[in-house]
Amino acid sequence: MKKIEAVIKPFKLEEVKDALVEAGIEGMTISEVKGYGRQQGHTELYRGAEYVVEFIPKVKIEIVVSNEEFANKAISAIKEAAHTGKIGDGKIFVSEIAKTVRVRTGEEDEEAL
Amino acid sequence: MKKIEAVIKPFKLEEVKDALVEAGIEGMTISEVKGYGRQQGHTELYRGAEYVVEFIPKVKIEIVVSNEEFANKAISAIKEAAHTGKIGDGKIFVSEIAKTVRVRTGEEDEEAL
Amino acid sequence: MKKIEAVIKPFKLEEVKDALVEAGIEGMTISEVKGYGRQQGHTELYRGAEYVVEFIPKVKIEIVVSNEEFANKAISAIKEAAHTGKIGDGKIFVSEIAKTVRVRTGEEDEEAL
Amino acid sequence: MKNKFLALLTLLALPIFAFAEDTLNTGDTAWMMVSTAFVLLMTPAGLALFYTGMTRSKNALNTFTMVMGAFVLAFVVWIIAGYSIAFGANENAMLQNVFGGFNHVMLSGVSWTDLSGSYPTYVFIAFQGTFAAITVAIASGSVIGRMKFSTWMVVVALWGILVYAPITHMVWGGDGALLFDAGALDFAGGTVVHMNGGLAGLVLAILIGKRAGYNTTAMKPFSIILTAVGAALLWFGWYGFNGGSAFGANAIAGLAVLTTTIATAAGAVTWMLIEWFVYKKATLLGVASGIIAGLVAITPAAGFVDVTGAFILGIVGSFVAFFGVVKLKKIFGYDDSLDAFGIHFLAGLWGALATAFLALNDKELLWDGPLKESGDRMGQFWVQVESVVVVGLWTLIGTIIVYYIASALTGGARVDEETEHNGLDESVHGEKGMNL
Amino acid sequence: MKNKFLALLTLLALPIFAFAEDTLNTGDTAWMMVSTAFVLLMTPAGLALFYTGMTRSKNALNTFTMVMGAFVLAFVVWIIAGYSIAFGANENAMLQNVFGGFNHVMLSGVSWTDLSGSYPTYVFIAFQGTFAAITVAIASGSVIGRMKFSTWMVVVALWGILVYAPITHMVWGGDGALLFDAGALDFAGGTVVHMNGGLAGLVLAILIGKRAGYNTTAMKPFSIILTAVGAALLWFGWYGFNGGSAFGANAIAGLAVLTTTIATAAGAVTWMLIEWFVYKKATLLGVASGIIAGLVAITPAAGFVDVTGAFILGIVGSFVAFFGVVKLKKIFGYDDSLDAFGIHFLAGLWGALATAFLALNDKELLWDGPLKESGDRMGQFWVQVESVVVVGLWTLIGTIIVYYIASALTGGARVDEETEHNGLDESVHGEKGMNL
Amino acid sequence: MKNKFLALLTLLALPIFAFAEDTLNTGDTAWMMVSTAFVLLMTPAGLALFYTGMTRSKNALNTFTMVMGAFVLAFVVWIIAGYSIAFGANENAMLQNVFGGFNHVMLSGVSWTDLSGSYPTYVFIAFQGTFAAITVAIASGSVIGRMKFSTWMVVVALWGILVYAPITHMVWGGDGALLFDAGALDFAGGTVVHMNGGLAGLVLAILIGKRAGYNTTAMKPFSIILTAVGAALLWFGWYGFNGGSAFGANAIAGLAVLTTTIATAAGAVTWMLIEWFVYKKATLLGVASGIIAGLVAITPAAGFVDVTGAFILGIVGSFVAFFGVVKLKKIFGYDDSLDAFGIHFLAGLWGALATAFLALNDKELLWDGPLKESGDRMGQFWVQVESVVVVGLWTLIGTIIVYYIASALTGGARVDEETEHNGLDESVHGEKGMNL
Ligand SMILES: Nc1ncnc2c1ncn2[C@@H]1O[C@H](COP(=O)(O)OP(=O)(O)O)[C@@H](O)[C@H]1O
Ligand SMILES: Nc1ncnc2c1ncn2[C@@H]1O[C@H](COP(=O)(O)OP(=O)(O)O)[C@@H](O)[C@H]1O
Ligand SMILES: Nc1ncnc2c1ncn2[C@@H]1O[C@H](COP(=O)(O)OP(=O)(O)O)[C@@H](O)[C@H]1O
C-alpha cells in the first residue's frame, strides 16, 4: 500500500478533495500545517514592530491507497487541482505502508481502505 | 522500528492513551486532524445558509515502537479502545522507520524509544 | 529520499529552523502536536478542580531530503539546536520516501526538493 | 423604598386617587432608565460570557444560547403575565399573600403617563422584567451540557409564572404579601433572585443527572478570558441592580453604589488569598468567582449596611462560595456544572441571613420589620430565616413541578448520548463556536 | 419632541432671543450624556463585534477596522460639516428643504453654554454625531471581504456629507425641511439610520460585485459568540438610541425604554420559533438576528406605540428580516455579505410604514402630521411612504455617486484576487485576528 | 469645579457647618453614579481586554489577572487609607501640602447622608476609588510577561498608599495642597492618572529588565480583536472619567463629553493616516492606539477647551504617542511591553502642558490659577510644568522604593526563566487562555 502526503495551499483544499473523490479515492485525512520554502511570507505590523511571517499556512492531505495505480491517480488529481503556477503550490510525497487496519471492523490492508 | 499512525474519534483519545500505556507503550505524539470518509458530517446553519461539514474532527496518534511485537500490541490496544462499532471509528496505518534519535541524549534507535 | 520527522519543544522552533537553513535545507513543513512521554505535564486549576495536563504542546517538523548525507546534516542540526538537556527535548524519526512531486512544475524526486 | 412600593401599588390598584406628590423627577427617571439598561446588559452579555467561558468548547454556543434565549423568553412572559402576578394587588386577601392576580396581564390598566413614585411605571416594569429574566438565566448554569434546548425553553416560560412571579410577590408585593408583611429585608434580590435562581439550578441538576464523564474526564473551560469579561460586565450592570433598587437617584442609591463596590473588591481579594494559601496559585477564574460571590452577598444588604458591613459580607461571601464550589459539591456529588448553586445560592443565603445583624439601625434606611420597629435583631433574623425557608421551599417544589411538565412536553429533558458526546453546539444548534 | 427640535433650531438660528424656559435640567442632561455614551458604544464595540463574528476569520480584523475606522472618520466629518448641513437653518427656503447650510461648520456659532431645550447643545451635537457615525458603519456589512480599505474611508467621508446629513435634515431638520414639514414620524431613525444605511449597503454590494466563491464555497463565520456579544451590546446601547430620542428623562423616554425591550425580546423569540419550525434547530445567530430585527423595527415607533404595538413590530420585524436574509437574497442573488440590507433596511422599512397604523392617537406623543391633526391614519401612511421613497431615492443616487468618486480616487474599489483569497487581514492591514 | 472640591473638603473637615445650598440634586447624583460605573468598567473590562489582546497568548490570562487583581486590591486599599490620604484635610499645614492624614481611614467620619456638593460623598469616594485603581493597573502594561504575580500584588498595595494618594492630594486635595494652591489645571487626571501610571510603568520596566528574547524573537499579540474591544470599552467608560470630573450633570460635563469625543475620533484618524503614510497600511491596533492616545491627551483639558482645542489635542496626541511607541522605545531600548509609558505618559504629558495654551480664557470654566486670574498663559504654563515635574519626581522615587520593598518581600520580582519561556499562564496561574 502507498501513502501519499500532499502539502497544498489552503484555499485549494475543496477543489483537491473533489478531484480525489472523482478519481475514486474516498478516504483521506487532512491537517493544518505551516510551510517554509521559497514562497515568501508577508509582514505583520504591530505598533511599529514588523514581523516577517516565514511559516505560511498550508494544508496537508494524507491518503493511503492500496496500490501504485491508485497512487498515480491520486497524484495526478492533486497535481492538477492544486496547481496555480505560483511559488508555494506545494509538494507531494509518496511512501510505503506495511499494514492497514479498519478499527470498526478489524478488516486489514486492502479491505480496510 | 515501526511507526503506527492511528486516526480515531476525538472522545476516545483518553481511553486509547490508557490502553497504550497499559500495553507498555510510553511515548506518543498526537495531533488534531480532520477526516473524510464514509462517515457523514453534520450540517451547519447560518442565517439560512446550510453548510455540510464533510471534514470531521479526528485525532491522529503517532507511535514509534522498536519491533513487530510492540507494534501488534499497540494495534490491538487501539483497535479495542477506539472501537464503537459505528462508521468513522478510524484507521490504523503501519510503516517502517529507519532511524530514531533522542534529542536530549543523542541515543539512537531502540535506545531512543 | 529520506523523510525526517522531529518532535521538539515549541520555543526551540526558531533556532532549529535557522540551524536547518544554515545546513542547506530550505524546505520544511511544521505542525502543532501534543506529546506524551516521560516529561510530566503541569496541573491546571479551575475552581478547585485540578486537571493534570498529560499531553504537552510540541512542534513537529517534517523535512524531505534527497539523500543520506542531507539527512545526517539535518539530524545534527536539529539535535544541536533543539537540545536543552531536560526531559522532553523530543525525538527524531527517519523514514524512506519513494517519490516526490513539486505541484507547481510537476518536477519529480530530487529535482522537486 | 418600601414606601415607593406602597405608593406604586396603591397607584395601580386605585388609579382614581392621584397623589399630589407623585410628579416625575428627571434625575430619578434618568437613573432608573440607566439602571434598567445596566441590568439588561448583565444577562445577554455578562452572564452569557461568564458561563460560556467556563463551559467546554463543544457546548459554548449552547451555553450562550441558553442564557440569551432564557432572557428574551422570560421577558416576554414577564410582560404577558409575570408582572401582573408579582406586582398586582389581589382583591382576595388570602391569595394576595402569594399571588397578585391577572389584572395587569399584557400590562392592561397601566398607561405610559402613570408614575411609580417619581418615575414612570413603565420603567419600573422594564426594570423588574430584567430581574425576572436574569433569575432563570442563572439557573441554566447548573444544567449546561445535557439539557435539551426545547425543554429549557419550556422550563423558562413556566418557571417565570409559577416560581419567579409568586416569590417576587411574596417578598416585594406590598401590603398583604406574605414576606413583605413579615418585614423581610431583601434590598435588591438576595432571596428573590440569587437564592431562587441558584436553588432552581441545583434542583434541575439533580433531576436531570450528571454529565457523562463527570469526575472522570477533564472538563476544561473554553476560555476564562470570556468568563472574566463576563464578570466585569456583571459587576458594571450590578450598579443598576443594587443602585436601581433604591428607586431613585438618592443617598440610598449612593450608599448601595459604595457598598457594592467594597464588597465586590473585598470578595475578589479574599478568593485570591484563599487560592494562594490552598493552591499557591491565584487564578483568574478565582478572581472572577470572588467578584460574583461578593456581588451576590451584598445584594440583599446593599442599601442597609455601612463600610464595615460591606467588607464582612464580601469577605465571608467568598469563603462561603469557595466552600460551596470546592467542597460541598464534592461531598454530595451533584453536578452543578457552572456552580449556580455553589455561588448564587450560598452567597445569597449568607447575605440574606447576615443582613439581620449587619444592617444599620437607621430608620431612614430600614424597611418596616422587627429591626426598624424595635431594634430587635434576633427578631429580624427569624424573619430572614422565614423568608429564606419560604422562598426555598417554593422554589424547590415549583421547580420540580416545572421540570416534570417541561420534560413531558418535550419528550424527555435530556439530549441523547451521542449529542452529549459531540457537544450540544453541533447537534442542537448546528453551529460552531469558532472557525479559525 | 418636535418642539424640542424647533426650540433648538430657533435657538441656533436666532441666538439673540433667549427663551426664559430654556434652563438646564440636570436629569435631562444626565440622561442625554448617558444616551450619547450608550450610542457611541454601539459602533466600535457592538456593531464591530456583531459583524466581526459573522465574517470569515481571514477578514475578521478587516471587518472590525472597517467599522471602527468608519466611526471615527464619520464623527470627524460630522463635526466639520455634517452637523451644520443636518441641523443648520438655511436662509434660502428652497435649499432649507434638504440642506441646512454651512453656518455651523466646525460648530462655529455654538457655545458650550448654549442649550438645546433643557440640556447643552454640545451634548445634542455629540449625540447626533454618534447616529451619523453608526449609519455609515452599518453599510459596511454589505461589502465586507472585497472592498479596499482606502476606498471605504473615502466612501465614509463623502457619504456623511452627501447622503447622511441631507437626509437627516429632511427628516429632523425643523421648519422648512421637506419631510419634517410633511409630518413624517420617525422617532429614532428608522428611515434616517436603518433604511438609509441598509440601502447604501445594498447599493455598494451590487456595484462592487460578489465575493469570489459566493454561493459555491462555504463561508463560515469566525465566531458567533462575538456576534452574540455584539448583539447584546447593541441592545444595551439602543436604550440611548431610542430612549435618548425623547431628548430628556421624561415619560416618553420611559415609554421608549419599555417598547424597545418588548419588541426586541419578541423579535428574538419569533426568530427562534421560525428557525425551529423551518430547520428544527434554534441557532444563536438566529437569536442575535432576531434581537437586531426587533430593535430596528421598533426604532421609528419607540415613542409612539403601546405594548401591543411593540409586540407586533418586533414579531413581524423578525419575519420580514428572516425573509430578507433567507429568501430575498437567494432570489435576487446579490451578495449582501452580513445582511445590512436584509435586516436594517427591511425591518426599518416595516417599522417606518407600520408606525402610521400602530402609533397611539395621543397628542402628547405624536409629532405634527396627519395623524396628530386629524387622526388620519391613511394620510399618515402616505406621508410615511413619501418619506421612505424620498430617503430611498436620495440614498440610492447619492451612494452611487459616492461609490464612483471613491473608486476613482483610490484606483478601483476592489482588492485584487489574491488579497481576496488570502483574506484582507493579511494584505490590507498586515495583522492576524488571533495568534494562539 | 474647584469650588466643588472646596465645598467638599470644608464639609469633611468641618462637619458642623452645614451649607444651606448643599442639597442633593437627583440629576447630578444620577450622573455621578453612572460615571462611577462607567469608570469602573474601564479597568476589569476595558483595560484588561486592551492589554490581554496585545500580549502573547501564553501570557494572556496573566495579563488579565494582573489588571483585574490590581483593580480589586487597589480599591480595597483606597477605602482603607487612600481616600483619607488623598482627600483628607491635614491640620498640619506643612503636611497638608502632600498628605491628607488618617482621619478618614476606613471612611470613618463619613456618613451616607453626607453630601459632596449636590450628590452623596459616598459616590464621590467610589468615583475617586475607580481612578486610584485604574492608575496602577495602567502601569502593569509595562511589566507584562516577567513579573511575579505576588510581587505585583505587593506593588499595587504599596503604590496606592505611597504614590497615588499623595499625588492626588497634591493636585486635587483642596486648599493647602501643593499643586492645587499653585493653580495647576488637570481636569480629569492627565498628571494624576496617566503620566503617573505611565511613568510608574517605565520605572518598573527598567528595574525588572527586558523580557527574554526581546527584540530577537517575534512577540505576536494574542488577538487584536480583544484589544479593539477593550479600546471601545475604554472610550465608553471615559465619558464617566472626563464627564464625571465636572461633578454634576451640567454644561461643563456636556463640554467634556463633546471634546472627549472629538479628540478621540481625531486621534484615531490621525494614527490611521500616519500608518498609511509610513507603512502603506492602516492597522486595527493603530486605530485602537489612536483612540487611547486621543483620550489620554484630552483628559487634563476636557472641560477647559473648545472644538479647535480638542482637535489639536487629539491630533498631536497621536503623533506624540506614535513617536513614543515606534521611535523612543527603539532609541532607548527599554522594554515597555504594552506601551503604558509610550502612550499614557507621553500623551498625558502633552495634554497637561498644552492645556496652558489651549484652555479657553473663560472664568466659568477655569480653576483658580494664573490663567483665570490674569489671563497669564505663560504663567499657567510654568504652573503646568511645575505640576508635571513634581508629579514625575514623586512617581519616579516612590515607584523605585515600592519596587524594592515588593521585590524583597516576595523573594525577587522576576519569575524564573522556565516560567517566562512557558508563559506565565501555565506556571503562575495554572490556567490556559483558550481550550478549543
Ligand atoms: N523539503 C521539504 N520537506 C518538507 N516540506 C517541504 C519541503 N520543501 C517544501 N515543503 C513544503 O512545500 C511548501 C511549498 O514549497 P515552496 O518552496 O514554498 O514552493 P514550491 O513547492 O512551489 O517550490 C512549503 O511551504 C512546505 O510546506
Ligand atoms: N484512505 C485513507 N487514507 C487516509 N485516511 C483515511 C482513509 N480512509 C479513511 N481515513 C480516515 O479514517 C477516518 C474514518 O474513515 P470512515 O470511512 O469515515 O469510517 P470507517 O473507518 O469506519 O470505515 C476518516 O475520517 C479519515 O480520517
Ligand atoms: N515512541 C514514541 N513515538 C512517538 N512520539 C514519541 C515517542 N516517544 C516520545 N515521543 C515524543 O517525544 C516527546 C518527548 O519525549 P519524552 O519522553 O517526554 O522526553 P525525552 O525525549 O527527553 O525522553 C514526547 O512529548 C512525544 O511527543
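The sequence lines fix the lettering, A, B, ..., with proteins before strands; numbering per chain opens at 1. Bear in mind that the values here come from a model prediction, so they are computed numbers and not experimental data. Side-chain atoms are counted along with the backbone in the values below, which use heavy atoms only and exclude waters and symmetry mates.
- With a threshold of 4.5 angstrom between heavy atoms, D/Trp238 does not approach chain F through any atom at all.
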Test side-chain contact (heavy atoms from CB on, under 4.5 Å) applied to F/Thr29 and D/Asn250, step by step: CA-CA 7 Å; F/Thr29 302; D/Asn250 48 43; over 6 Å; no
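- Contact check for F/Val72 versus D/Thr264: no side-chain heavy atoms found under the 4.5 Å cut-off.
- Closest approach of F/Met33 and D/Gly254 over heavy atoms only: SD-N, 3.8 Å.
- With sequence neighbours excluded, the residues forming a ring-ring contact (aromatic ring centres under 6.0 Å, His included) with F/Phe149 are F/His429, listed by chain and number.
- For the side-chain contact (heavy atoms from CB on, under 4.5 Å) with D/Leu258, the lone residue among F/Tyr122, F/Trp112, F/Phe124, F/Phe127 that qualifies is F/Tyr122.
- Neither the backbone nor the side chain of D/Asp306 comes within contact range of chain F, judged by heavy atoms closer than 4.5 Å.
- Evaluation of the salt bridge (charged side-chain N to carboxylate O under 4.0 Å, His left out) rule for D/Asp339 yields C/Arg47, D/Lys329 as partners, not counting sequence neighbours.
- If you measure heavy-atom distances from F/Leu226 to chain D, the contacts under 4.5 Å come from the side chain alone.
- Contact annotation for D/Val229: both backbone and side-chain heavy atoms come within less than 4.5 Å of a heavy atom of chain F.
- Taking the side chain as every heavy atom from C-beta outward, F/Glu431 and D/Leu284 approach each other to under 4.5 Å.
- Between F/Phe64 and D/Ile224, every side-chain heavy-atom pair lies at or beyond the 4.5 Å cut-off.
- The shortest distance between side-chain heavy atoms of D/Met272 and F/Met153 falls below 4.5 Å.
- A distance-only check finds a donor-acceptor pair linking the side chain of D/Ser223 to the backbone of F/Gly433 [under 3.5 Å].
- Interface remark: F/Ser427 contributes backbone atoms only to the contact with chain D (heavy atom separation under 4.5 Å).
- Judged by distance alone, the side chains of D/Ser57 and F/Asn435 never bring a donor and an acceptor atom under 3.5 Å apart.
- If you measure heavy-atom distances from D/Ala60 to chain F, you find no contacts under 4.5 Å at all.
- Of residues 38-54 of chain F, those residues with a non-hydrogen atom less than 4.5 Å from any non-hydrogen atom of chain D are, in numerical order, F/Phe38, F/Leu40, F/Leu41, F/Pro44, F/Ala45, F/Leu49, F/Thr52.
- In this structure, F/Val428 and D/Lys281 approach most closely via the heavy-atom pair O-CG, 3.4 Å.
- Scored by the side chain to side chain donor-acceptor pair (under 3.5 Å) test, F/Tyr239 finds F/Trp235, F/Thr261 as partners (sequence neighbours excluded).
- The shortest heavy-atom contact between F/Ser150 and D/Trp276 is CB-CH2, 3.8 Å.
- Using a 4.5 Å heavy-atom cutoff, the side chains of D/Ile225 and F/Leu61 are in contact.
- Both the backbone and the side chain of F/Leu73 come within less than 4.5 Å of a heavy atom of chain D.
- Contact annotation for D/Leu285: both backbone and side-chain heavy atoms come within less than 4.5 Å of a heavy atom of chain F.
- Of all heavy-atom pairs between D/Gly27 and F/Ala30, the closest is O-CB, 3.7 Å.
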